[in-house]
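Everything numeric here is computed off the predicted structure, so don't read it as measured data. Numbers for residues simply follow the sequence, beginning at 1.
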Amino acid sequence: LGSAWVWPNEAPKDIPFERSSLFTEVDFTAKYASYGAADTWFPSWGSDGNLYSPFTDGKVQDVTAASVCHGASCNSTTGYATIQGEDPLNL
């Protein structure tokens with residue numbers, strides 16, 4: 001794992017909206033887990049305690065999904081996964 005770090009809170013001078021008073025910095029803990037080779041996930045908790053998520057741009061177990069294509073013959077695909085467990089670093 002890498003080292004933890006804080007993203008500097010330096011907004012551009014010409015930022016077109018008011019600075020947030022709720023978020024003052026972003027902390028990266030350098031803790032993460034990797035469970036597949038897909039890079040686009042949108043997890044949501046289910047009432048049963050599991051996470052459910054579509055994924056694309058990679059392979060998880062035997063399912064390959066991709067969204068990078070061009071032209072009229074483009075055939076984007078999406079996989080769906082169930083993620084079980086309570087500890088995000090040990091699912």
Side-chain angles (χ1 to χ4, degrees):
L1 294 178
S3 299
W5 61 283
V6 176
W7 190 309
N9 186 10
E10 299 169 6
K13 300 236 184 280
D14 60 348
I15 194 165
F17 44 84
E18 187 177 322
R19 181 185 283 261
S20 173
S21 61
L22 296 174
F23 302 100
T24 58
E25 64 186 26
V26 177
D27 297 345
F28 293 89
T29 65
K31 295 180 181 178
Y32 66 92
S34 179
Y35 299 104
D39 67 4
T40 308
W41 293 82
F42 302 99
S44 180
W45 289 107
S47 61
D48 58 2
N50 293 330
L51 283 165
Y52 296 91
S53 181
F55 67 88
T56 191
D57 295 340
K59 183 175 181 179
V60 176
Q61 293 182 344
D62 294 331
V63 178
T64 299
S67 62
V68 179
C69 59
H70 304 283
S73 63
C74 180
N75 187 15
S76 294
T77 56
T78 303
Y80 296 90
T82 301
I83 307 162
Q84 299 175 321
E86 299 285 329
D87 178 358
L89 296 177
N90 188 27
L91 297 174

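Summarising the hydrophobic clusters (Ile, Leu, Val, Met, Phe, Trp, Tyr; side-chain heavy atoms under 4.5 Å, direct or chained), the residues clustered with Leu22 are Phe23.
For Asp48, the side chain to side chain donor-acceptor pair (under 3.5 Å) partners two or more places apart in sequence, or in a different chain, are Asn50, Tyr52. Looking at residues two or more places apart in sequence or on another chain, you find a ring-ring contact (aromatic ring centres under 6.0 Å, His included) between Phe28 and Trp5. Glu10 is linked by a side chain to side chain contact (heavy atoms under 4.5 Å, CB included) to Pro8, counting only residues two or more places apart in sequence or in another chain. Take Asp27 and apply the side chain to side chain contact (heavy atoms under 4.5 Å, CB included) test, not counting sequence neighbours, and it matches Val6, Glu25. With sequence neighbours excluded, the residues satisfying side chain to side chain contact (heavy atoms under 4.5 Å, CB included) with Ser67 are Thr56, Asp57, Ser76. For Thr77, the side chain to side chain donor-acceptor pair (under 3.5 Å) criterion is met by no residue, not counting sequence neighbours. Shown here are the side chain to side chain contact (heavy atoms under 4.5 Å, CB included) partners of Pro12, two or more places apart in sequence or in another chain: Asp14, Ile15.
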Q) Does the pair Trp41 and Val60 meet the rule for a side chain to side chain contact (heavy atoms under 4.5 Å, CB included), with working shown? A) CA-CA 11 Å; Trp41 293 82; Val60 176; 3.7 Å; yes
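A pairwise comparison of heavy atoms in Gly79 and Ala65 identifies N-CB, 3.6 Å as the closest pair. In terms of heavy-atom proximity, Pro43 sits nearest to Ser53 at N-OG, 3.4 Å.
Residues Ile83 and Trp45 share a single hydrophobic cluster, defined by chaining ILVMFWY side chains whose heavy atoms lie under 4.5 Å apart.
Within the 3.5 Å criterion, the main-chain N or O of Phe55 finds no donor-acceptor partner in the side chain of Thr40.
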